[in-house]
Structure formats: structure tokens, C-alpha cells
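Numbering of residues begins at 1 and proceeds along the displayed sequence. Start at 1 and go down the list; that is how both ligands and their atoms are numbered. Model, not experiment: these values are computed from the prediction.
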Amino acid sequence: MELPFAESWKIKMVEPIRKSTREEREEWLKEAHYNVFQLKSDQVYIDCITDSGTGAMSDRQWAAMMTGDEAYAGARSFYELKDTITRITGFPYVIPTHQGRAAENVLFSALVKEGDIVPGNSHFDTTKGHIESRKAFAVDCTVDIAHDTQLEAPFKGNVDIDKLEKVLSENKDRVPFIIVTITNNTAGGQPVSMQNLREVRKVADKYGKRVIFDSARFAENAYFIKSREEEFKNATIKEICREMFSLADGMTMSAKKDGLVNMGGFIATSHEDWFEGAKKYCIPFEGYLTYGGMNGRDMAALAVGLDENTEFEMLQTRIHQVEFLASLLDEYGIPYQRPAGGHAIFVDADLILTNVPKEEFPAQTLTIELYKEAGVRGCEIGYILADRDPVTRENRFGGMDFVRLAIPRRTYTDNHIRVIAAALKNVFDRRDRITRGVRIVWEAELMRHFTVQLEPLA
Ligand SMILES: *Cc1c(COP(=O)(O)O)cnc(C)c1O
């Protein structure tokens with residue numbers, strides 16, 4: 001008989017987690033103003049709020065931590081990290097930063113100015129923030145099929161080349177660079193194909209523009225290229241990474257995702273002028289160039305993490321688990337952004353809580369119900385996260401309303417995944433009786449989802 005699939009690692013250290021009662025959870029939720037960001041992690045049984053910095057390090061990474069060189073300047077750990085990044089990406093210039101948004105802040109300080117236009121595929125929220133705070137504009141050129149959650153397509157994270165070309169031809173002098181997010185987080189962890197990256201490169205060259213990859217989940221993207229693009233089915237993940245990055249001029253990286261560390265990030269580029277520009281901002285914002293906000297030991301662990309996570313079996317184990325959750329939801333008939341993404345399942349709350357009006361935030365309501373059901377913490381990626389229109393101050397109901405179930409790397413077992421799916425099924429089975437959502441009692445002007453206070457309407 002064929003052997004079943006199993007993880008490409010075994011467990012050496014565990015962290016106890018605790019279940020709770022529905023009564024406890026209802027009380028905690030009330031104290032948290034019905035915002036799961038306000039819960040304490042001890043009040044959560046299975047935590048799917050994010051895959052960022054929540055993964056488990058390997059024994060080799062922990063061992064590397066002990067060898068960290070904490071020298072202020074010229075630390076050995078920096079050179080280990082730099083050499084690993086150069087080997088995987090081909091970029092010779094590397095600047096460490098304390099996380100991904102810091103990499104954006106440093107690099108964009110050198111590159112983005114007022115009135116600029118930065119086209120890309122669903123810019124990540126901090127990326128967009130760092131563009132807009134400089135009074136520049138982020139123009140989304142994601143393919144339209146990304147918005148059809150039930151359509152099965154292999155690369156729903158792609159850049160729409162016609163949209164990109166239109167932006168470039170109309171604003172030639174205002175575009176400092178193009179940014180491509182791999183994988184496309186906002187579209188549901190959907191990958192970008194090598195073919196699409198090549199087309200982006202071609203258009204960029206035509207207009208004399210450079211390309212940055214926002215690379216938080218580049219390894220997962222490489223896995224999807226290997227499994228879905230015929231040309232690469234026999235290539236190694238590391239070969240695919242080299243090929244992907246050969247199509248870019250530089251990258252920003254949140255190492256909290258595919259770097260398999262709890263904190264960290266970096267900028268890497270092939271251009272000396274970008275390196276020189278970013279250096280000027282790294283020192284005041286992050287720290288000296290050979291640590292940029294990171295401990296020596298953290299750079300050492302990141303070097304190992306990048307190496308491990310660009311191996312096929314590590315990625316296969318991960319993506320397999322996300323696909324396992326998707327297969328259970330398929331069995332229960334629960335709609336989500338199809339096909340399963342790399343790091344998360346995006347449950348389509350709009351299609352589930354059809355009796356809850358948009359004005360009462362269906363995805364947030366589903367997030368609350370899921371937590372109450374089993375202590376599973378998801379994250380609303382929907383109408384609350386979308387904030388208000390800066391001009392009209394109206395809520396933005398034009399986008400999608402998801403509950404994101406992000407899966408931390410190497411952290412939960414498939415049994416935990418079964419609990420998540422069963423809890424969601426229980427809520428799904430009583431969806432017709434959920435007719436009221438929540439109302440906002442207090443909100444911040446920007447990024448309101450972290451601190452918003454809500455009240456149930458039922
Ligand atoms: C997480 C993330 C960032 C920001 O990185 P942080 O480490 O959270 O600061 C930027 N872009 C993408 C695509 C991300 O997923």
C-alpha cells in the first residue's frame with residue numbers, strides 16, 4: 001500500500017496549550033470588546049491570527065543562536081546571513097532590518113517621493129502605508145480573477161500586464177519602481193508565476209524601470225511554481241529562487257514568514273546606488289549596517305532558516321497542511337478563496353453569513369463565532385480592516401470580506417487542523433440563525449482593526 005504523507009521533521013520541544021469553556025471565552029471576548037487582537041494568547045486554544053513570527057525554529061536554528069556574534073560592527077553572523085542571502089537570491093548587497101516594514105521604510109526613504117506612483121499586485125498594508133505616508137500612490141494591478149473566490153486558477157496572485165503597462169505609459173516619469181508581492185498575501189496567499197514575473201520584467205525594461213519583490217513568502221511562491229509550471233517541475237526550490245530573483249532589481253523581506261524566525265527582515269539588491277541610498281537611512285532608523293536592528297544570534301538563526309525553508313520537503317510539508325485544511329472545508333461545503341493559498345485559508349464570510357448585512361461586518365462576526373465555538377483565533381481581513389474612505393469617511397464595502405486562518409509554520413499538527421475545521425463547520429451549520437453582526441463603538445482613524453471596540457447587535 002502507498003505510504004501516507006507525513007511531516008519532514010519530528011518534534012523535540014513542546015509548548016502546552018489550554019482549552020477553555022464557552023462561558024470563559026464569552027467573558028474574555030466581552031472584556032476584549034469583541035476584537036480578537038485584544039485577547040491574551042493564553043485565552044486562545046489554536047492561534048491562526050497570523051503566520052508572521054509564529055513558527056517553530058529547528059534544532060539547527062537554536063544551535064546557531066548560541067554561535068551568534070554580537071559585535072557591533074562586522075559581526076560574523078552578519079556575513080553568514082549575507083552570504084546565505086546572496087547564494088539564494090543572487091543579490092550581492094544586503095542590509096538587515098528588524099522586520100519587513102523596516103526594510104520598506106529604509107529603502108522607500110531613498111526611493112519614493114511625493115507624487116510618485118508605485119504599481120504592484122495588491123500591496124501589503126504596511127507597504128501601502130510606507131508609500132502613502134510619503135504622499136505617493138500605490139496602484140493595484142492584480143489580475144481580476146483574484147476577486148472571484150470560487151474560480152480555480154493556478155496563479156491568482158499575478159500582475160495584470162495590461163494594467164501595469166497602462167500605469168507605466170501614462171505616468172512614465174512618476175514611477176520609481178514596480179513592486180511585486182510573492183506570494184500575493186492580500187489576494188489569499190496566491191502565487192505569482194515565473195511567466196508573469198518574466199512579463200513584468202519585460203514591461204519594466206521597456207519603460208526603463210526597476211522591480212522590487214516584496215518577498216515575505218518567496219519560498220512558498222517557488223514551491224507553487226515548481227508544482228504548477230511545467231518548465232520547473234524538475235528544478236530545485238533553490239534553482240527556482242535564483243531564477244525568480246534574477247528578474248528583480250531588489251527585494252524587501254519580512255523574515256518572520258519564510259525566514260522561519262520570530263523577528264527579522266532585510267533589503268537585498270543588485271544595484272550599488274540603491275544600496276548606497278538605503279545605507280543612509282539604515283543607520284539612523286535601524287542601526288549600523290552589519291546588524292540593522294537584529295541581534296547577531298537572530299541573524300545566525302535566520303541564515304539557517306532561509307536555507308532550510310528553500311528545501312522542497314520543508315515546503316511540501318507546510319503547503320500540504322494548508323491544503324489539508326482546505327480539503328476538510330471542501331468536505332463540509334465551506335467556501336474559501338480557491339485554490340488553497342500558501343500560508344492561510346481565506347474563508348469567504350460574505351457567502352456564509354448571508355443574513356448578516358455588510359454594515360454589521362459578517363467576517364468579524366464569523367471570527368467572533370469561531371472563537372466562541374472552540375477558542376480558535378482567526379483574523380478578519382475584510383470590511384473592518386479596509387478602514388474608511390479618507391475623503392467621504394464612509395466604510396469601504398467594495399472589497400472582499402474574509403476570515404483568514406493563517407497557519408504558523410511547523411507549529412500545529414493535523415489534529416489541530418481538524419479541530420479548526422470542525423469548529424468552523426459547527427458555526428457553518430447554524431449560519432442561518434446568525435442574523436445580526438456587530439456595531440463599532442470606538443475606532444482609530446487608521447489601521448482600526450487592531451484596536452477597534454465592538455458591540456454585538458444580537
Ligand atoms: C508581513 C509582510 C510585510 C511586513 O513585514 P513585517 O515583518 O510584519 O514588518 C510586508 N509585506 C508582506 C507581503 C508581508 O507579508
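Ligand 1 does not have Met263 within reach: every non-hydrogen atom of the residue lies 4.0 Å or more from it.
For ligand 1 and Thr181, the ligand atoms under 4.0 Å from any heavy atom of the residue are 13 (C). If you number the atoms of ligand 1 from 1 as listed, the ones under 4.0 Å from a heavy atom of Arg217 come out as 15 (O). Atoms of ligand 1 found under 4.0 Å from any heavy atom of Arg101 (numbered from 1 in listed order, with element): 4 (C), 5 (O), 6 (P), 8 (O), 9 (O). Residue Thr126 approaches ligand 1 through these ligand atoms, each under 4.0 Å from one of its heavy atoms: 4 (C), 10 (C). Residue Asn185 has at least one heavy-atom neighbour below 4.0 Å for each of these atoms of ligand 1: 15 (O). Using a 4.0 Å cut-off to heavy atoms of Lys256, the atoms of ligand 1 that qualify are 7 (O). Applying the 4.0 Å criterion to heavy atoms of Glu104 picks out, from ligand 1, the atoms 10 (C), 11 (N).
The protein atom (non-hydrogen) at minimum distance from atom 2 (C) of ligand 1 is Lys257 NZ, 2.4 Å.
Checked against a 3.5 angstrom limit, the closest N/O atoms of Asp214 and ligand 1 fall inside it. The N/O atoms of Gly100, backbone and side chain alike, include one that comes under 3.5 Å of an N/O atom in ligand 1.
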As a quick check of understanding, evaluate salt bridge (Lys or Arg N to Asp or Glu O under 4.0 Å) for Arg101 and Glu104, giving each step before the final call. CA-CA 5 Å; Arg101 68 200 65 188; Glu104 293 164 355; over 6 Å; no

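Side-chain polar atoms of Ser109 and Arg134 form a donor-acceptor pair below 3.5 angstrom. Defined by atom type and a distance below 3.5 Å, a donor-acceptor pair is present between the side-chain atoms of His343 and Asn185. Counting only N and O atoms by type, the side chains of Asn184 and Ser122 include a donor and acceptor under 3.5 Å apart. The closest side-chain donor-acceptor pair between Gln321 and Asp414 falls under 3.5 angstrom.
Nearest to atom 5 (O) of ligand 1 by heavy atom, out of Ser122, Gly129, Ser254, Ala103, is Ser254.
For Glu313, the CD atom counts as loosely surrounded, since its 6.0 Å shell holds 12 or fewer non-hydrogen atoms of other residues, nucleotides or ligands.
In this structure, Lys82 is not positioned above the aromatic face of Phe275 in the sense of NZ or CZ being under 6.0 Å from the six-membered ring centre and within 45° of the axis.
Comment: Lys279 engages Glu276 in a salt bridge, judged by a side-chain N to carboxylate O separation of less than 4.0 angstrom.
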